[in-house]
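One structure below.
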Amino acid sequence: SPAPVLKSCCDLLALKAREGGIDIALDAGRGLPDIRADKQAFKRIVLNLLSNAIKFSKPGGCVKVEACVEGGELRCAVEDSGIGIAPNDLACVGRPFFQARDSYDRPYEGTGLGLSIVKGLVDLHGGRLDIRSRVDVGTRVIVHLPLEAHDAIAPSADALADVVAASALDAARAMVA
C-alpha cells in the first residue's frame with residue numbers, strides 16, 4: 001500500500017515544514033491497494049513534490065497530501081498554500097532547470113530538476129501529472145498511477161537511473177544552448 005510511503009515522506013519533512021511555520025496534513029484513505037510501482041521511485045516522487053510544496057508555502061500555510069483510488073488509478077495529490085505558478089509558466093513546469101519567475105528575484109534554492117525527475121518517473125510508471133495553480137493561492141499536483149499491470153510498471157533500477165541521467169543530460173544541453 002502507498003500509505004506507509006506517504007506517511008514516511010511526511011515524517012521525513014515534518015521538521016523542515018515546522019521550521020518554516022507550515023503544517024502538513026496527510027489523508028491517505030484506508031484500504032489503499034498495492035500499486036505496481038517501484039517503492040523508491042514512488043518515494044522520490046512524493047518527496048520531491050512535498051519538498052517543493054513546503055519550499056513555496058508561506059509561513060502559517062498548510063501542505064496537504066491526499067491519496068485515493070479513482071477510475072482504476074491511484075491519485076496522489078500534494079497541495080500547498082504557497083506562491084502559485086503563473087498561467088504562462090505552467091506549460092514549462094517539468095522541463096529541466098525551469099524555475100518560475102526570474103532567477104534574480106527568486107529567494108528559493110534549487111536546480112529546477114525536481115519536477116523534471118518526477119515527470120520522468122511518473123511517465124516511466126505509465127502515469128501522468130496534473131498541475132493546477134493560482135498565483136498567491138497555491139498549487140495542487142496530482143500524480144495519477146495505474147493500478148493494473150502496464151509494460152512500464154515496476155521499472156528496473158537501470159530504467160530509473162536512466163530517467164535521472166536523462167534529466168541531467170537535458171539540463172546540460174539547456175545550459176549549452
Side-chain angles (χ1 to χ4, degrees), residues 1-20 22-57 62-70 72-80 82 93-98 108-132 138-171:
S1 169
V5 174
L6 295 171
K7 182 175 181 345
S8 171
C9 291
C10 290
D11 290 347
L12 281 170
L13 293 174
L15 179 60
K16 180 180 176 183
R18 273 195 305 273
E19 287 173 348
I22 298 157
D23 291 326
I24 298 177
L26 172 62
D27 180 11
R30 292 184 180 260
L32 288 177
D34 287 336
I35 56 172
R36 292 187 158 249
D38 179 90
K39 185 178 178 181
Q40 290 302 88
F42 182 65
K43 186 173 187 175
R44 186 161 195 178
I45 289 167
V46 176
L47 283 173
N48 274 321
L49 294 178
L50 190 54
S51 180
N52 276 354
I54 292 167
K55 180 186 342 182
F56 294 110
S57 286
C62 183
V63 172
K64 299 175 188 169
V65 180
E66 303 167 343
C68 67
V69 172
E70 263 185 54
E73 64 185 13
L74 172 73
R75 293 188 186 178
C76 178
V78 177
E79 181 175 351
D80 66 52
V93 170
R95 290 185 188 160
F97 286 123
F98 176 78
Y108 309 101
E109 293 182 17
T111 61
L113 287 175
L115 279 178
S116 173
I117 291 170
V118 166
K119 184 178 181 330
L121 291 173
V122 169
D123 288 348
L124 194 59
H125 283 81
R128 64 185 171 84
L129 283 179
D130 180 19
I131 303 173
R132 300 174 189 157
T139 301
R140 180 176 176 87
V141 179
I142 305 169
V143 174
H144 303 261
L145 294 175
L147 295 176
E148 294 299 317
H150 182 278
D151 288 342
I153 298 290
S156 68
D158 289 341
L160 296 172
D162 288 347
V163 168
V164 175
S167 292
L169 183 59
D170 287 346

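Because the structure is a prediction, the values reported are computed rather than measured.
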Would you indicate whether the side-chain heavy atoms of [Y] and [X] approach each other to under 4.5 Å?
X	Y	result
Ile117	Asn48	yes
Leu129	Ile142	no
Ile22	Cys62	no
Phe42	Leu145	yes
Asp27	Lys64	no
Asn52	Val118	no

NZ/NE/NH1/NH2 to OD/OE distance under 4.0 Å, Arg128 and Asp130: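 Looking at Asp130 together with Arg128, the answer is no, because their closest N to O distance does not fall below 4.0 Å.
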Heavy-atom closest pair, residues His125 and Arg36: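 Of all heavy-atom pairs spanning His125 and Arg36, the closest is CD2-O, 4.2 Å.
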Shortest non-hydrogen contact between Leu6 and Cys76, atoms and distance: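 What the structure gives for the nearest pair is CD2-SG, 3.6 Å.
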Exam field: side chain Asp80 to backbone Val63, donor-acceptor pair closer than 3.5 Å: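 Such a contact is absent between Asp80 side chain and Val63 backbone.
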Side chain Ser1, main chain Asp34, donor-acceptor under 3.5 Å: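 No; judged by distance alone, with no hydrogens or angles, the pair does not exist.
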Counting only pairs under 3.5 Å, give me each side-chain donor-acceptor contact of residues 8-20, with atom names and distances, residues two or more places apart or in other chains.
residue : atom : partner : partner atom : Å
Asp11   : OD1  : Lys7    : NZ           : 3.4
Asp11   : OD2  : Lys7    : NZ           : 2.9
Lys16   : NZ   : Ser51   : OG           : 3.0

